Protein chains: 2
Amino acid sequence: MAVERDIFGEVKQIFTAYLENRGLRKTPERFAILEEIYSKDGHFDVDSLYISMKNKNYRVSRATVYNSLDLLMECDLVSKHQFGQNLAQYEKSYGFKQHDHLICTDCHKVVEFCDPRIQNIQTTVGDLLKFKVLHHSLILYAACKDNNCQNKKS
Amino acid sequence: MAVERDIFGEVKQIFTAYLENRGLRKTPERFAILEEIYSKDGHFDVDSLYISMKNKNYRVSRATVYNSLDLLMECDLVSKHQFGQNLAQYEKSYGFKQHDHLICTDCHKVVEFCDPRIQNIQTTVGDLLKFKVLHHSLILYAACKDNNCQNKKS
DNA sequence: CTCGGTGCAAAGCTTTTGCATCCGC
DNA sequence: GCGGATGCAAAAGCTTTGCACCGAG
């Protein structure tokens, strides 16, 4: 039987190392936020994260949530998406398969997909333009072919 | 000698047809905004468009600018980008080569590039997920290899 | 003990909305 | 003349900032 991977343990270690390297403090709030994020599935926005911590009677402020998310993004434990609306969406990003997003133009549902060819594009374009590509964001905007969509127009 | 293409004439025709089909009014403001956009190069945000029209003593409101941009996006004459910051960037999109963007993580400069393979990805993923992909947004985040960047860290 | 980090609330900015007026059709 | 569109300003919504206090190192 395969050994169960302790994702949260690994993530905590990475974050700790990051904070130490940068000479930042290992505050309980920062780890509580990290834990909350890795206990969730799918995308979330700042306010839903803040609210869910408040609901657990954890004393945090939005400012700290924003601050911690910035740190977590810098060490690639969390990624941020701007899905067109003016509300940033976040997502845990360690230990999960790299993926991109397709958004339904009818109901705004977000579907994840993987396509390894994006890596090739990244490499080619980076070489061509003399840039070292660190990460990317690919969003496909698409309409349901079959009428699964509730918000389907006409 | 090749005939000079009248991009703005074509664009105006497309917009007119769109407004007529949808039963919308062909107001002078809408066409003035379209003209202003097609006289500009590169990316712009709502406020810079609004300000530049104000500077020409044109009487418009931000509300109308937002409204018109929505219409122009619907008929694919303008595209909208969310480059990570919380300020939407727009760009004229008719008669110009389809392209994507690379953003320098040091100085936030935006570089355009073309890669036809993105079309293949769009097609494959669309077929796989049973969606009709209408358009996409690909952003590469990258660091300058050579030190062209003024904001280069360390 | 220091000073980075936090909570709280206020301020900042972009975008949306309400309403009286205007004008395309 | 009707009803959609506009201008203006106020409101809304997300994010940042200022400041006093707290607590990690």
Side-chain angles (χ1 to χ4, degrees), chain A residues 12 15-36 43-75 78 80-91 108, chain B residues 12 15-36 43-75 78 80-91 108:
Chain A
K12 206 152 55 177
F15 194 35
T16 303
Y18 172 78
L19 292 176
E20 284 173 354
N21 286 338
R22 291 267 318 258
L24 300 172
R25 290 184 184 168
K26 299 186 278 278
T27 67
E29 288 83 0
R30 288 175 175 167
F31 285 93
I33 290 168
L34 178 62
E35 182 152 18
E36 182 64 28
H43 305 106
F44 60 90
D45 58 64
V46 172
D47 220 54
S48 72
L49 179 61
Y50 170 74
I51 297 292
S52 69
M53 294 190 76
K54 278 291 186 189
N55 286 345
K56 291 175 182 169
N57 291 315
Y58 200 95
R59 192 167 179 272
V60 266
S61 66
R62 282 189 180 78
T64 301
V65 172
Y66 278 103
N67 168 29
S68 300
L69 281 171
D70 283 344
L71 297 176
L72 291 170
M73 282 192 294
E74 274 187 62
C75 52
V78 168
K80 178 181 181 177
H81 306 291
Q82 288 285 162
F83 289 147
Q85 314 85 356
N86 303 314
L87 179 55
Q89 299 280 121
Y90 296 82
E91 182 178 32
H108 303 108
Chain B
K12 205 152 56 178
F15 194 36
T16 302
Y18 172 78
L19 293 175
E20 285 174 353
N21 285 338
R22 291 266 320 257
L24 300 171
R25 291 184 182 166
K26 299 187 278 275
T27 67
E29 287 83 1
R30 287 175 176 169
F31 285 93
I33 290 168
L34 178 62
E35 182 153 16
E36 181 65 27
H43 305 106
F44 61 90
D45 59 64
V46 172
D47 221 54
S48 72
L49 180 61
Y50 170 73
I51 297 294
S52 69
M53 294 190 76
K54 279 291 186 190
N55 286 344
K56 293 177 181 169
N57 290 314
Y58 200 96
R59 192 166 178 272
V60 265
S61 66
R62 282 190 181 76
T64 302
V65 172
Y66 278 103
N67 168 30
S68 300
L69 282 171
D70 283 345
L71 297 177
L72 291 169
M73 282 193 293
E74 274 188 61
C75 51
V78 168
K80 179 181 182 177
H81 307 291
Q82 288 284 163
F83 289 147
Q85 314 85 357
N86 302 313
L87 177 56
Q89 298 281 120
Y90 295 82
E91 182 177 34
H108 304 109

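A note on names: the letters A, B, ... follow the listed sequences, proteins ahead of strands, and every chain is numbered from 1. What you see is a predicted model, and the numbers here were worked out from it, not measured in a lab.
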note: A/Phe31, atom CZ; D/dA24, atom P; distance rounded to Å ~ 12 Å

Under 4.0 Å from OP1 or OP2 of D/dT15: is there any side-chain N or O of A/Lys80 that close?
no

Rounded to whole Å, please give me the gap between OH in B/Tyr58 and P in D/dC8.
13 Å

Between atom CD in A/Glu29 and atom P in D/dC21, what is the gap in whole Å?
18 Å

Minimum side-chain heavy-atom gap B/Tyr90-B/Met73 below 4.5 Å:
yes

It should be established whether A/Thr64 places a side-chain nitrogen or oxygen under 4.0 Å from OP1 or OP2 of nucleotide C/dG7.
yes

By nearest-heavy-atom nucleotide on DNA chain C, the more 5' of A/Arg30 and B/Asp45 is A/Arg30

Student check: side-chain heavy atoms of B/Ile33 and B/Phe15 closer than 4.5 Å:
no

Specify the separation, in whole Å, of atom CE of A/Met53 and atom P of C/dC8.
13 Å

Spacing of A/Leu71 atom CG relative to C/dG5 atom P, expressed in whole Å:
8 Å

Just how far, in rounded Å, is C1' of C/dT6 from CZ of A/Arg59?
8 Å

Kindly say whether B/Leu49 contributes a backbone atom to a donor-acceptor pair with the side chain of B/Ser52 at under 3.5 angstrom?
yes

So B/His43 and B/His81, would you call those rings parallel, tilted or perpendicular, with 30° and 60° as cut-offs?
perpendicular

Please state whether the phosphate of C/dT6, meaning OP1 or OP2, lies under 4.0 angstrom from any side-chain nitrogen or oxygen of A/Asn67.
yes

A/Leu24 side-chain proximity, nearest of C/dG5, D/dT6, D/dT15:
C/dG5

Indicate whether OP1 or OP2 belonging to D/dT6 is found under 4.0 Å from a side-chain N or O atom of B/Thr27.
yes

Which is it for A/Asp47 and A/Leu87 under the side chain to side chain contact (heavy atoms under 4.5 Å, CB included) test, yes or no, and what are the steps along the way?
CA-CA 10 Å; A/Asp47 220 54; A/Leu87 179 55; over 6 Å; no

Which nucleotide wins on minimum distance to the side chain of A/Val46, given the candidates D/dT6, C/dG7, D/dT15?
D/dT15

Length of the CG-C1' vector between B/Leu69 and C/dT14, whole Å:
13 Å

Between D/dG4 (P) and B/Leu19 (CG): distance, integer Å:
15 Å

In terms of side-chain heavy atoms of A/Leu87, which of D/dC14, D/dG23, D/dC8 is nearest?
D/dC14

Heavy-atom nearest nucleotide on DNA chain D for A/Ala88 versus B/Val60: which residue maps closer to 5'?
B/Val60

Gap separating the NZ atom of A/Lys80 from the CG atom of A/Asp70, nearest 0.5 angstrom:
7.0 Å

Say whether, by atom type as modelled, one donor and one acceptor occur between the side chain of B/Arg30 and the main chain of B/Arg25 under 3.5 angstrom.
yes

Nucleotides 16-19 of chain C: which of its N/O atoms have a protein N/O under 3.5 Å away?
none

Any idea which of D/dC14, D/dC8, C/dG5 is nearest the B/Ser61 side chain?
D/dC8

Check this one for me: any side-chain N or O of B/Arg25 less than 4.0 Å away from OP1 or OP2 of D/dT6?
no

Are any of B/Lys54's side-chain N or O atoms less than 4.0 Å away from OP1 or OP2 of D/dG7?
no

Does this structure show an ion pair linking B/Glu35 with B/Lys12, if we count only N-O contacts that are shorter than 4.0 Å?
no

